[in-house]
Structures are given as C-alpha cells and as structure tokens.
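Here the structure comes first, spelled out in structure tokens, and everything after it is commentary.
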Protein chains: 2
Amino acid sequence: MTKYQNQTRLLAAVDCIIFGFDGNALKLLLVQRAIQPEKGRWSLMGGFIQPAEDADTAALRILKKLTGLEGVYLEQLHTFSGPHRDPIERTLSVTYFALIDIHQYEKQLSDEYHAEWFPLTEIPSLIFDHSEMVKMAREKLRYKAALHPLLFELLPKKFTLPQLQNLYECVYDTSFDKRNFTRKVLSTRLLVKQKDKDKGSSKKGAFFYKLDNRHYKAHFHSFLNIIPNPPIK
Amino acid sequence: MTKYQNQTRLLAAVDCIIFGFDGNALKLLLVQRAIQPEKGRWSLMGGFIQPAEDADTAALRILKKLTGLEGVYLEQLHTFSGPHRDPIERTLSVTYFALIDIHQYEKQLSDEYHAEWFPLTEIPSLIFDHSEMVKMAREKLRYKAALHPLLFELLPKKFTLPQLQNLYECVYDTSFDKRNFTRKVLSTRLLVKQKDKDKGSSKKGAFFYKLDNRHYKAHFHSFLNIIPNPPIK
DNA sequence: CAAATAAGTGTACAATTGACAAGTTTTACT
DNA sequence: AGTAAAACTTGTCAATTGTACACTTATTTG
C-alpha cells in the first residue's frame with residue numbers, strides 16, 4: 001500500500017537523563033557531544049532511533065553503550081518536539097530517565113564518550129533543550145520517589161539505613177528524623193537486615209540491608225509517603 | 001549546515017485519549033477512521049504533527065477540530081514507537097489524554113468525524129495499538145486522580161457533591177462512604193458552596209459547588225488520597 | 001581506659017482516617 | 001391534608017498514623 005501523502009518526515013532520537021548517587025550527592029551523567037552542531041558541549045547521552053527499534057530499545061542500547069550496564073531502571077519521561085529544538089534539522093526527542101548504581105558504572109567506564117558525572121548543583125550549560133529535560137526529570141524523580149521505592153535503584157545491592165536516609169535527604173534537599181525515617185522504611189517490610197555491617201563510615205558500623213525482591217516487585221505501586229506532611233497553612 | 005547523514009526519517013503523529021463523564025459512566029470519545037488503512041474502524045482521534053507545530057500544539061489543534069473546545073485539560077501521556085505499529089509506514093505517536101466536560105462538547109458536536117462516546121466498559125476493537133494507549137490512559141487517570149484534583153475537569157462548572165462522588169466511584173469502580181467522602185473533599189478547601197441547588201436528581205435537591213480556582217491552581221500538586229488505604233495483608 | 005563517633009532505639013501527644021446511622025427537605029400520591 | 005418515598009446532609013468514637021523529641025550502645029583510637 002502507498003505511503004501517507006503530503007506529510008513531512010522527521011528524525012526521532014532518544015535522550016537519557018541518567019542519575020547516580022555517590023553517597024554524598026545526586027549526580028547526572030553527561031557526555032561531550034561528538035558531532036556537529038554544538039560539538040564538544042555537554043549534553044545528555046542520546047542517539048537516533050534505528051529502523052528496527054522502538055524507543056525503549058534505543059534507550060537501552062544507548063545506555064548500554066555508554067555504561068556497559070543492562071537491567072537498569074529506565075522509564076520513559078516525556079517527548080520533546082519543538083520544531084526548532086535542533087537547529088540542523090527537525091528532530092523529536094523521546095526522553096528516558098535512568099537510575100543506576102554509580103559504583104557499578106565506575107567499573108565499566110569507557111572513555112569513549114567523554115562522559116562525566118556532575119552533581120545536580122553544578123550542571124553545566126547544556127545543548128538544545130536538554131536543561132529543560134533535566135529539570136523535568138528531577139521533578140519526576142522527586143514526585144515518584146515519594147510514592148514508590150524507586151531510590152533503591154541508586155544504591156548498591158547491600159546498603160545501610162544511614163546511606164538510604166542520606167539519599168532521601170539529597171533528593172529532597174532536607175533532613176529527616178532518624179527514628180521516624182527508620183520506622184517508616186522498615187514498616188514497608190521491603191528491607192531485609194543482613195548479618196554484616198558497613199564499617200566504612202563509623203566506628204560502630206551500620207548493618208547492611210537488602211531489598212526483598214519479591215516484596216519489591218509486588219508492592220512497588222503501594223509504597224508510602226516519605227515526605228513529611230507540611231504544616232497546615 | 002548540512003543535515004544528519006544516514007538516518008531514516010519517520011512520521012510523527014499525536015493521538016488523543018478523550019475522557020468524558022455523563023453522570024453515570026466514564027466515556028471515551030472515538031472516531032471512525034477516515035483514511036486507509038483501516039478506514040471505517042474505530043480509532044482515537046489523531047493526526048500528523050505539522051511542520052510548524054510541537055506535539056502539544058498539534059494535540060490542541062486536533063482536540064479543537066473534533067470538539068470545538070479550547071482550554072481543556074490536556075496532558076502528554078506516552079510515546080508509542082513500535083517500528084510496525086502502522087503497517088503503511090513507520091509512524092511514531094505521541095499520545096495525550098484529555099478530560100472534557102461532556103455537556104459542553106455536546107453543544108459543539110460536529111458530525112464531520114463520525115465521533116461517538118463509548119462507555120469504558122464497551123470500547124470496540126481499535127486500530128493499531130490504540131487499545132494499549134487507552135489502557136495506559138485509564139491507569140494514569142486512576143493514578144493521578146487519587147493524588148490531584150483532576151476529575152473536576154470532567155464536571156460542569158457547577159456540580160454537586162453526589163455528582164462528584166459518583167464520578168470518583170466510576171473511576172475507581174467502587175463505592176465510598178458518603179460522610180467520609182464529603183469530609184475529605186471539603187477538607188481541601190477547594191470547593192465553594194453555592195446558594196442554589198440542583199433539583200434534577202432528588203426531591204430535596206443537592207447544593208451546587210464551584211471550584212475555588214485560586215486554590216485549585218495553587219494546590220493542584222498537594223491534593224489528597226481519595227482512595228481508602230487497602231487493608232493490610 | 002577514656003574519649004570520640006555514628007548507629008540504634010521508644011514514648012507520648014496530635015492529627016487523620018475509617019466505621020457507622022439518624023434526621024431533613026421536598027415532592028407526589030392517596 | 002397527611003403520609004410515604006427519595007435523596008441529601010450531618011457527627012461521633014475508636015483505631016491508626018504521624019510527629020516531636022534524647023539517651024544508650026558498639027567500636028576504634030589515642
């Protein structure tokens with residue numbers, strides 16, 4: 001059958017907003033753009049969707065290419081479609097946000113893409129509309145992490161409660177009461193206490209926990225509000 | 001500057017999942033497809049993104065074309081990008097979901113598109129991946145309406161508490177306790193009681209309410225959980 | 001063995017949620 | 001005119017959840 005008439009075709013790309021957490025700060029993985037225009041400027045990792053791929057597949061491919069990782073948390077965020085967002089040629093971008101364990105990445109780091117982790121407080125100026133994409137991704141991360149046990153994806157398989165609390169405090173740029181925080185996360189029954197401790201950050205050491213993966217999958221949609229209720233105005 | 005080399009271009013469309021509520025059931029506005037392939041089958045209202053448009057603009061245009069309405073609630077949902085989702089030619093679809101006051105629509109109805117409202121329980125077989133789009137839109141509606149005062153968009157400017165409760169009961173396919181429901185929605189301070197009553201559905205009549213638009217915009221992100229907490233397993 | 005460091009733990013009060021039923025207004029019918 | 005019917009409106013109490021708040025414990029180092 002014949003093609004659709006009188007319509008313009010355009011390029012379709014994916015761009016990935018990749019979050020990591022190094023124990024102290026939330027970070028974003030950016031690359032130096034390898035092609036014109038804007039070659040050399042910082043940008044999100046992206047690429048064109050190939051003929052046999054859907055956007056999810058393209059995002060997975062690109063993420064694997066950059067980090068070597070598979071099986072990471074990846075979620076479609078938003079599609080950016082301004083007619084002039086790429087000055088060379090009309091390109092629509094389907095954005096994804098990814099959460100990775102930054103330590104796994106370090107092992108597999110490839111220099112090929114001139115990639116670098118930037119703390120969210122020090123994001124450089126980005127090409128095109130990538131800053132807007134990052135902004136939206138941050139908002140979605142905060143939104144979603146308040147309702148679902150998402151942030152575990154940023155931690156190693158074994159983590160401690162102080163690490164977890166620190167991560168939440170970074171994401172929400174606030175601090176929580178230790179006792180209330182512990183009680184809340186443990187009440188989900190999602191965490192399994194291990195026998196060993198992390199001695200890295202204190203003399204006493206903090207017990208490791210692991211996710212209970214059965215519960216994790218089953219209860220992903222019914223987590224709880226980590227954010228304390230704001231005082232009534 | 002020269003175009004990107006060795007990349008394939010494709011068509012980009014938008015498709016709108018349009019919800020309405022007639023007082024008894026949630027409905028979806030579908031059209032009979034006017035072009036080949038699949039001409040005559042039921043489908044979501046959609047169209048190609050034009051050269052000067054971004055996807056939001058295209059969705060607004062298409063919604064206006066079909067319903068005559070402007071200023072309706074419209075939100076980008078998801079982008080569908082399977083390489084073979086349209087058998088004629090690769091087409092990527094950015095989907096939007098819209099909430100409209102079904103009564104406003106009826107006044108402006110145009111027969112041009114062979115549009116019809118279908119109760120969500122009686123959706124016919126749809127072309128391409130449109131059924132999947134509808135499924136995702138329903139899930140998002142339920143998800144989001146539990147957290148934000150979204151469903152007011154489906155009601156007339158003046159509505160009654162029983163109407164509102166009925167709408168929530170339709171969306172969640174359940175029933176709520178009247179007293180608790182009333183207390184919850186009134187506690188948001190989003191509703192302003194009117195002096196007049198709707199005598200349409202009872203002898204006593206139910207007071208009309210209006211949204212307090214200042215509060216509505218300001219507190220959209222901090223609504224409350226309408227869904228009762230599920231019993232602990 | 002004393003000091004330093006960070007981890008771990010409990011209680012009381014306040015706010016919210018959930019279960020539950022009787023009274024009110026109006027119309028229509030006898 | 002009085003009564004029955006229909007649907008709207010409203011309140012209380014118990015249970016749960018959220019919040020504020022401070023001391024003890026384990027371990028290492030000097």
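Below, chain A is the first sequence line, B the second, and so on; all start at residue 1.
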* In whole angstrom, give the distance that lies between atom CD of A/Q165 and atom P of C/dT9. => 14 Å
* To do: Please collect all salt bridge (charged side-chain N to carboxylate O under 4.0 Å, His left out) contacts where either partner lies in residues 185-199 of chain A, sequence neighbours excluded, each pair once.
  => A/K158-A/D196
* Nearest-Å distance for atom pair CZ/C1', residues A/F176 and C/dT9 -> 20 Å
* Residue list, side chain to side chain contact (heavy atoms under 4.5 Å, CB included) with B/I62, at least two apart or on another chain -> B/V14, B/C16, B/M45
* Between B/S93 and B/D15, is any side-chain donor less than 3.5 angstrom from a side-chain acceptor? -> yes
Give me, pair by pair, the N or O atoms of the protein and of nucleotides 12-14 of chain C that are less than 3.5 Å apart, along with how far apart they are.
none

* To do: Decide if atom CZ of B/R138 counts as having more than 12 heavy atoms of other residues, nucleotides or ligands within a radius under 6.0 Å.
  => no
* Under the side chain to side chain donor-acceptor pair (under 3.5 Å) test, residues paired with B/R85 that sit two or more places apart -> B/D129
* Hey, what's the ring geometry for A/Y168 with A/Y172, parallel, tilted or perpendicular (30° and 60° as the breaks)? -> parallel
* B/K199 NZ to D/dA7 P: how many Å, rounded? -> 15 Å
Show me the donor-acceptor pairs, under 3.5 Å and distance only, between side chains in residues 19-30 of chain B and residues at least two apart or in other chains.
residue : atom : partner : partner atom : Å
B/D22   : OD1  : B/N24   : N            : 2.8
B/D22   : OD1  : B/A25   : N            : 2.9
B/D22   : OD2  : B/K27   : NZ           : 2.9

* Grab the CG-C1' distance between B/L186 and D/dT9 for me, whole Å please. => 11 Å
* Asked: Is it true that a side-chain atom of A/Q32 and a backbone atom of A/G40 form a donor plus acceptor pair closer than 3.5 Å?
  -> yes
* Structure fact -> Between CZ of B/F181 and P of D/dG11 the distance, given in whole Å, is 18 Å
Please tabulate the protein-to-nucleotide N/O contacts below 3.5 Å involving nucleotides 3-8 of chain C, giving atom names and distances.
residue : atom : partner : partner atom : Å
C/dA7   : N3   : A/K204  : NZ           : 3.1
C/dG8   : OP1  : A/F207  : N            : 3.0
C/dG8   : O4'  : A/K204  : NZ           : 3.4
C/dG8   : O6   : A/K178  : NZ           : 3.0

* Rounded distance (Å) that lies between atom C1' of C/dG18 and atom NZ of B/K184 -> 9 Å
* Protein-nucleotide distance (B/N180, atom CG; C/dA21, atom P), rounded to Å -> 13 Å
